[in-house]
Each structure stands twice: as structure tokens, then as C-alpha cells.
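First the structure, in the form of C-alpha cells, and then the observations on it.
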Amino acid sequence: MASEYRCVGCGFRVKSLFIQYSPGNIRLMKCGNCKEVADEYIECERMIIFIDLILHRPKVYRHVLSNAINPETVNIQHLLWKLVFAYLLLDSYRSLLLRRVDNKSSFYESSFLICLKVLISVLSANAAFILSFAIAAKCLLNEVSRRRDIMLGILISSYFKIFLLAMLVWEFPMSVIFIVDILILTSNTMALEVMTESSTTRCIAVCLIAHLVRFLVGQILEPTTFLTQLGSLVHLSSLFRIA
């Protein structure tokens, strides 16, 4: 067992999470610091883990980022590139969804030109996000040595992007994209707070700076997106007012 496992309750390092006597017969280990079960999520179903992730519970974030995704059991480098490729595709799909509203600007453009502009915009925005996040984390959190692990945690905590795939089946208002962006920001903040054990305010500042830089770079390359998101925000506020 690896020595980098952590108690999901207090974050204290533990040498092992369970002892297996026979297949299907295990005993969960207790944390030496808080005297509670180190990781009760080992016996939970994946659906329960996913629901707790959506609820932003710190315990399940520690389970996923420190215990489930562990260098002893997972190829970190391979997983990192998989997530990068998957999220680039999802970001491209998101840009195409926003472009769909602006029919006039893309009417005379070929499909190849549209895809090329979307790809350049997505790559540039994500590169700006990574660079600004690294600089903000170094200045505000003094995190330098664990850059790869923290970036992997940020990618994993951006799982809300998969909800955009629902728009392939059902037609949602563009405000849904804005809601997903907010959920990604809050999830990134929770993951950063769990991994660095820094204050919530500093973690919010780091993630907000990175997302803001990414948004601004996207607007430089895709200026019509701003009007779309502004309209989505107005539509969202009107829905809350009606409710």
C-alpha cells in the first residue's frame, strides 16, 4: 500500500486504508489522528460517490483525489493526457453550441474555417488558463513542487463538463452552459482547497483569476460569445425572478 493515502475526514496521512483477509472480506482502517474510519467511500457504490461530488463534500474529494487516484494504482501521466484530450473536445463542443446562436456571423464561413477558429480559440483559452493558474497558485498558495498533481486534480474536478453532452439529446437554453461554468469554478475551488489545505478565500481567488483569464482570451478570439453568455445570464436571472 502507498504511504500517500489520506483520511477523508481530517486529511491526515495514513499508510493503508483497509486490510483484506479474503476476496470480499476487508476491514477498514482507522485514522491515527481523528480515530475515525480513514475512508468509508471504499465500500460505497460509484453513484453515491458521484452524488457526493456534485454536492461538493470535501470527504469525497479527498477520496477521489488522494485515495482513488493514486500513483500506486493509476498511471497519472496517461490519465492526465486522456483528460486533456477529452476536455478539449468538450470545450470545442461548447464553443460550437455558443456559435450556433450567432447564425449571421457564421453563415458565409465554411465548416472547415469554423472548426479551425474554434480549435484555435479553445487551445489558446486553455493554455492561458493553465499558465494563469500556475502563476496564481505560486503567488497566492506558494505551490511549486506539486504542479502536476494539482493540475490533475483541477482536471478531474472539471467533471461537470460532461453535462454538456446532454445537450446532444435534449434542447436546453444557453443559460445551462453558464450554470455549468459556475459549477466547474466551485468544483475546482473545492479540489484546490482539499489538495493544498489552503484557505477558501485564496483558493477561490486562484480559480477565479484562472477562469477569468481564460474567459477574456476566449472573448478576444470569439467576441460573439460574450453577447451569448450575457443573454444567458439575463435569461437565468429572469427564471429566478419568476420562481
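Computed from a prediction, not measured in an experiment: that's the story for all the values here. Excluded from the calculations below are hydrogen atoms, water molecules and symmetry mates; all remaining heavy atoms, backbone and side chain alike, are included.
Other residues, nucleotides and ligands place more than 12 heavy atoms under 6.0 Å from the CD atom of Gln20. Counting heavy-atom neighbours within 6.0 Å of Tyr21 OH, excluding the residue itself, gives a total above 12. Counting heavy-atom neighbours within 6.0 Å of Arg202 CZ, excluding the residue itself, gives a total of 12 or less.
The distance from atom SG of Cys207 to atom CG of Asn188, rounded to the nearest 0.5 Å, is 5.0 Å. Note: Leu17 CG to Ile42 CD1 = 4.5 Å, rounded to the nearest 0.5 Å. Rounding to the nearest 0.5 Å gives a distance of 10.5 Å between OG of Ser132 and CG of Leu208. For the atom pair CD1 of Ile184 and CG of Leu164, the computed distance is 7.0 Å after rounding to the nearest 0.5 Å.
Heavy-atom minimum distance, Tyr5 versus Ser66: CD2-O, 4.1 Å. Nearest heavy atoms, Gly153 versus Ala191: O-CB, 4.0 Å. Of all heavy-atom pairs spanning Leu140 and Ala205, the tightest one is CD1-CB, 3.9 Å.
His56 and Phe160 have tilted rings, their planes meeting at an angle from 30° to 60° on a 0 to 90° scale. The aromatic rings of His211 and Phe129 sit perpendicular, their planes meeting at an angle over 60°, well past the 30° parallel limit.
Residues satisfying the side-chain hydrogen bond (donor to acceptor under 3.5 Å, both in side chains) criterion with Ser92, sequence neighbours excluded, are absent altogether. Partners of Tyr87 according to the ring-ring contact (aromatic ring centres under 6.0 Å, His included) rule, which considers only residues two or more places apart in sequence or in another chain, do not exist here.
A donor-acceptor pair is defined here as one N or O able to donate and one able to accept, closer than 3.5 Å; such a pair exists between the side chain of Ser187 and the backbone of Ser157. Of the possible donor and acceptor atoms, one in the side chain of Asn67 sits under 3.5 Å from a partner among the backbone N and O of Arg6.
At least one side-chain heavy atom of Glu40 sits less than 4.5 Å from a side-chain heavy atom of Lys59.
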Subject >> Asp52 and Tyr41: CA distance, side-chain angles, deciding distance, side chain to side chain donor-acceptor pair (under 3.5 Å) verdict >> reply: CA-CA 10 Å; Asp52 281 358; Tyr41 285 101; 2.7 Å; yes

